[in-house]
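So the structure is just underneath, and the comments pick up after that.
Reckoned from all heavy atoms, side chains included, excluding hydrogens, waters and symmetry mates. First the proteins, then the strands, lettered A, B, ... as listed; each starts at 1.
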Amino acid sequence: MSTNETPAESTDFIRDIIREDLASGKHDGTVTRFPPEPNGYLHIGHSKSICLNFGIAAETGGRCHLRFDDTNPIKEEMEYIESIQTDVRWLGFDWGEDLYYASDYFETLYGWAEELIEAGNAYVDDLSADEIREYRGTLTEPGRPSPYRDREPGENLDLLRRMRAGEFADGERVLRAKIDMASGNINLRDPVIYRIMHVDHPRTGDAWCIYPTYDFAHGQSDAIEHITHSLCTLEFEGHRPLYDWFVEHLSVPSAPRQIEFARLNISSTVLSKRKLLRLVKEGHVDGWDDPRMPTLSGIRRRGVPPEAIRNLIDRVGVAKRDSVVDYALFEHCIRELLNKDAERRMAVLNPLKIVITNYPEGASEELAAVNNPEDPDAGSRMVPFGRELYIERDDFMEDPPKKFFRLAPGREVRLRYAYFITCNEVIKDSDGEIVELRCTYDPATKGGDAPDGRKVKATLHWVSAAHAVEAEVRLYDHLFEVEVPGADGDFVDDLNPNSLEIRSGCKLEPSLGPFVPGEQVQFERLGYFAPDTDSKEGALVFNRIVTLRDTWARIRKQQGR
RNA sequence: UGGGGCGUCGGCAAGUGGAAAGCCACCGGGUUUUGGUCCCGGCAUUCGCAGGUUCGAAUCCUGCCGCCCCAGCCA
């Protein structure tokens, strides 16, 4: 198979800039980086940055580094360093040898701090945090210089060395860059670049008790790694002048360019570590990998293939506008992929027993079922059929409304890959609850076609009662009831109380018994599912990844339920 | 009332002076042994608003309005 068309190049303002830089010879190649702080789990919002950085590197034959921005030991843990690597790999990206840590540069960064002092561009400030805030001024009033602003380089150097040596307590002094206390950009009002923290660092242990801030570490780390384009989110726009200031005033080995883009937001969920942490801590979900969570670990556990996330990111694009992507677009990406890849199976989640009264007692037979109508190579399998079967309760109505085409008293429908059946009798218990249906089948319709050409308006899925495998199936809905949680009030108040529904006693066709964990299946007419990590031998648990598009549900809604 | 950004269909998003791409959602219709898939069609006479420049403006100019970010020794 060949084509003359070149694949449509995804383009956005960042790729445009990079293309120009390459064309003009400003750079020979590209080096990007994904720089998470190891203080939490990655979520789908991060995948935009990951796909962008690794994607651009791949498209331009460059490299993308994975760098942990571990400058604040209070919040960081090795556990996160592990999980982040697992998640990035799962998403489908590889940093090769290029794994770095900002903490690897602590000594170099410290040297640059002394360099700044010697040039009269930094000073040790004895003001307290509160005083610094007061002196900083406000959004509309300029700041005032600290009384320590004009200390001599010699004294500053001595003080910084003593800070490093551990002579002072946390918060007693800080090192500040001497820039402009009257700047309209508050980030330039002598930002703190080193603080004292007598805290062990996950990687450097007790080697340091002073740590550089993000502003003093990030651009310089980029420069050390010869990053050409440092892509970050919009909230860092105001930090760019500072980023550039350090690159200009320090003897760094290269001059990276920071470019900002809008972060990914998705409706009906939240994407901030703070909020996600609260969901876990307050027990609204069962952990970071709860299948309802937008964390990569949660999405993975739910059964979503990583390719679906990459496709979503491609479709969303990259721009500078604050936006909220419709969750439906994500669902579409999942369905689009799984429709093509997932094998079909039959499973009944809410069983209603039917007895085929004219089918011989004790008999059974095997019927051929297609594995994936979208993929002829997927072949077919045999499914057992017998006198007693289960169908979905929703597929029968004693008193059907207009447009309900499924089973009803006196009505004939098709059992997929099996026979036409007609419902003759409805059996109820003493409460009036339907407990069983008595039907007859037409032996001439074996396989699902009537030789006389008669049609039927519905095809139902089913499972033979004698052969069924039992399983628990977990159904998920949006975590939040509103598109933008917390738009008015606490986001927790917008939680969807019905985001999880557990169905036990579900009946699966026997081929699902030994199903391989990690693989996705379509339960015909119901949606895409995957085994949960809670599955055990003989105690299967499936997660619903996403439903199928459901036109009948829409009709029902239009009819007023 | 400081500085930095952003405003194109319900949601994303192209377009950068010469006839408003595409995708999702939604609404029809066809095919169908999944009310799935697939196919066909519809969906911005108008680009936050108001002026101006121009033969011609979403694109240029001016003014206004709205939204987001910044006052951590977080990132």
Side-chain angles (χ1 to χ4, degrees), chain A residues 8 11-12 35-37 39 69-72 74-75 125 127-129 132-134 136-143 170-176 182-189 191-197 210-211 213-215 217-218 232-241 260 262 267 273 312 314-333 335-336 339-340 344 346 369-370 373-374 403-406 414-418 420 445 447-449 455-461 483 522-527 547-556:
Chain A
T11 251
D12 52 67
E37 181 188 14
N39 70 341
D69 223 334
D70 55 350
T71 57
N72 185 352
I74 292 173
K75 300 162 63 183
D125 198 343
L127 253 29
S128 70
I132 286 177
R133 187 182 315 116
E134 279 174 41
R136 186 154 33 222
T138 67
L139 293 179
T140 51
E141 304 160 59
D170 289 7
E172 214 174 312
R173 277 169 236 263
V174 292
L175 181 68
R176 293 228 252 167
S183 174
N185 181 347
I186 290 181
N187 297 124
L188 263 21
R189 317 242 261 233
V192 169
I193 58 177
Y194 265 96
R195 18 37 151 157
I196 299 170
M197 288 195 272
I210 59 172
Y211 294 94
T213 57
Y214 164 85
D215 284 312
H218 202 95
C232 64
T233 43
L234 249 30
E235 66 269 26
F236 292 103
E237 220 155 11
H239 290 247
R240 185 170 4 111
E260 311 84 12
S267 62
K273 283 179 186 168
L312 170 74
D314 279 346
R315 282 172 185 251
V316 165
V318 183
K320 296 193 71 162
R321 193 179 323 173
D322 285 315
S323 60
V324 180
V325 170
D326 195 336
Y327 191 87
L329 180 59
F330 185 33
E331 293 184 320
H332 169 82
C333 290
R335 290 188 187 112
E336 177 184 58
N339 173 56
K340 173 166 64 75
R344 274 61 169 171
M346 292 198 286
V370 172
E374 304 295 317
K403 291 190 179 174
F404 181 89
F405 305 138
R406 283 111 92 144
R414 170 168 42 230
L415 292 182
R416 189 147 160 93
Y417 300 124
F420 282 12
T445 59
D449 279 308
K455 301 289 184 202
V456 97
K457 293 192 87 173
T459 300
L460 312 186
H461 60 278
E483 291 200 349
Q522 181 192 106
F523 287 174
E524 295 225 31
R525 305 207 300 137
L526 298 174
T547 61
L548 254 29
R549 275 182 77 231
D550 191 350
T551 308
W552 168 238
R554 250 181 287 150
I555 293 169
R556 226 163 49 211

Would you indicate which nucleotide in [options] comes nearest to any side-chain atom of [X]?
X	options	value
A:R554	B:A75, B:G35, B:C27	B:C27
A:R133	B:A75, B:A71, B:G5	B:A71
A:T459	B:U37, B:U34, B:A75	B:U34
A:T71	B:A75, B:G72, B:C12	B:A75
A:L139	B:C74, B:C73, B:G2	B:G2
A:R344	B:U34, B:G10, B:A14	B:U34
A:T551	B:A75, B:G35, B:C6	B:G35
A:L548	B:G36, B:G35, B:A75	B:G36
A:A328	B:A25, B:U34, B:G7	B:A25
A:F405	B:G35, B:U37, B:G2	B:G35

[X] near the nucleic acid: base, sugar-phosphate alone, or nothing, with a heavy-atom cut-off under 4.0 Å?
X	result
A:E237	sugar-phosphate
A:L175	nothing
A:I193	nothing
A:E37	sugar-phosphate
A:P241	nothing
A:R321	base
A:S323	sugar-phosphate
A:K457	nothing
A:S128	base
A:N39	nothing
A:V174	base
A:V370	nothing
A:F523	nothing
A:G317	nothing

Phosphate-side-chain proximity, [X] and [N], N/O vs OP1/OP2 below 4.0 Å:
X	N	result
A:R525	B:G35	yes
A:R416	B:G35	no
A:H332	B:C24	yes

Looking at [N], which nucleotide sits across from it as a Watson-Crick or G-U wobble partner, both distances under 3.5 angstrom, or is there none?
N	answer
B:C55	B:G18
B:C23	B:G11
B:U34	none
B:G66	B:C6

How far does the [atom1] atom of [N] sit from the matching atom of [M], given to the nearest Å?
N	M	atom1	value
B:C49	B:U8	P	10 Å
B:G48	B:G15	P	16 Å
B:U31	B:C24	P	23 Å
B:C43	B:G5	P	38 Å
B:C74	B:G17	C1'	46 Å
B:C64	B:C70	P	25 Å
B:A57	B:A19	C1'	13 Å

Next on the checklist: Is any side-chain heavy atom of A:F330 closer than 4.5 Å to one of A:V325?
Outcome noted: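 A side-chain contact under 4.5 Å is absent here.
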Checklist entry - Is the shortest heavy-atom distance from the side chain of A:T445 to the side chain of A:R414 under 4.5 Å? => result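 A side-chain contact is absent here, since even the closest heavy-atom pair is not under 4.5 Å.
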Checklist entry - What's the verdict on salt bridge (Lys or Arg N to Asp or Glu O under 4.0 Å) for A:E336 and A:R315, showing C-alpha distance, side-chain angles and the deciding distance? => result CA-CA 13 Å; A:E336 177 184 58; A:R315 282 172 185 251; 2.7 Å; yes
Check the distance between [N]'s [atom2] and [X]'s [atom1] and give it to me in whole angstrom.
X	N	atom1	atom2	value
A:D215	B:A75	CG	P	8 Å
A:R549	B:C24	CZ	C1'	11 Å
A:F236	B:C74	CZ	P	14 Å
A:Q522	B:G36	CD	C1'	6 Å
A:E483	B:C12	CD	C1'	12 Å
A:N187	B:G72	CG	P	11 Å
A:R240	B:C70	CZ	P	16 Å
A:Y214	B:C70	OH	P	13 Å

Checklist entry - Which comes earlier along RNA chain B counting from the 5' end, the contact point of A:G448 or that of A:M197, where each point is its nearest nucleotide? => result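 Looking at the nearest nucleotide for each, A:G448 comes out on the 5' side.
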Checklist entry - How do A:I186 and A:L526 order along RNA chain B: which one's closest nucleotide is nearer the 5' end? => result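 First, find each residue's nearest nucleotide; the 5'-ward one identifies A:L526.
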Checklist entry - Hey, mind stepping through A:I132 and A:V174 against side-chain contact (heavy atoms from CB on, under 4.5 Å) and telling me if it holds? => result CA-CA 10 Å; A:I132 286 177; A:V174 292; 3.8 Å; yes
Item to check | Syn/anti label of B:G63 as read from its glycosidic torsion, with the cut at 90° from 0 | outcome: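 Judged by the O4'-C1' to base torsion, B:G63 sits in anti, the angle falling more than 90° away from 0.
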Checklist entry - Does any N or O donor sit under 3.5 Å from an N or O acceptor when you compare the side chain of A:E235 with the base of B:G5? => result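 Answer no: no donor N or O sits under 3.5 Å from an acceptor.
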Item to check | N/O donor-acceptor pair under 3.5 Å between A:T233 side chain and A:E235 backbone | outcome: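 Judged by distance alone, no pair lies under 3.5 Å.
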Checklist entry - Do the side-chain N and O atoms of A:R416 and A:T459 include a donor-acceptor pair separated by under 3.5 angstrom? => result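 Absent: no donor and acceptor within the cut-off.
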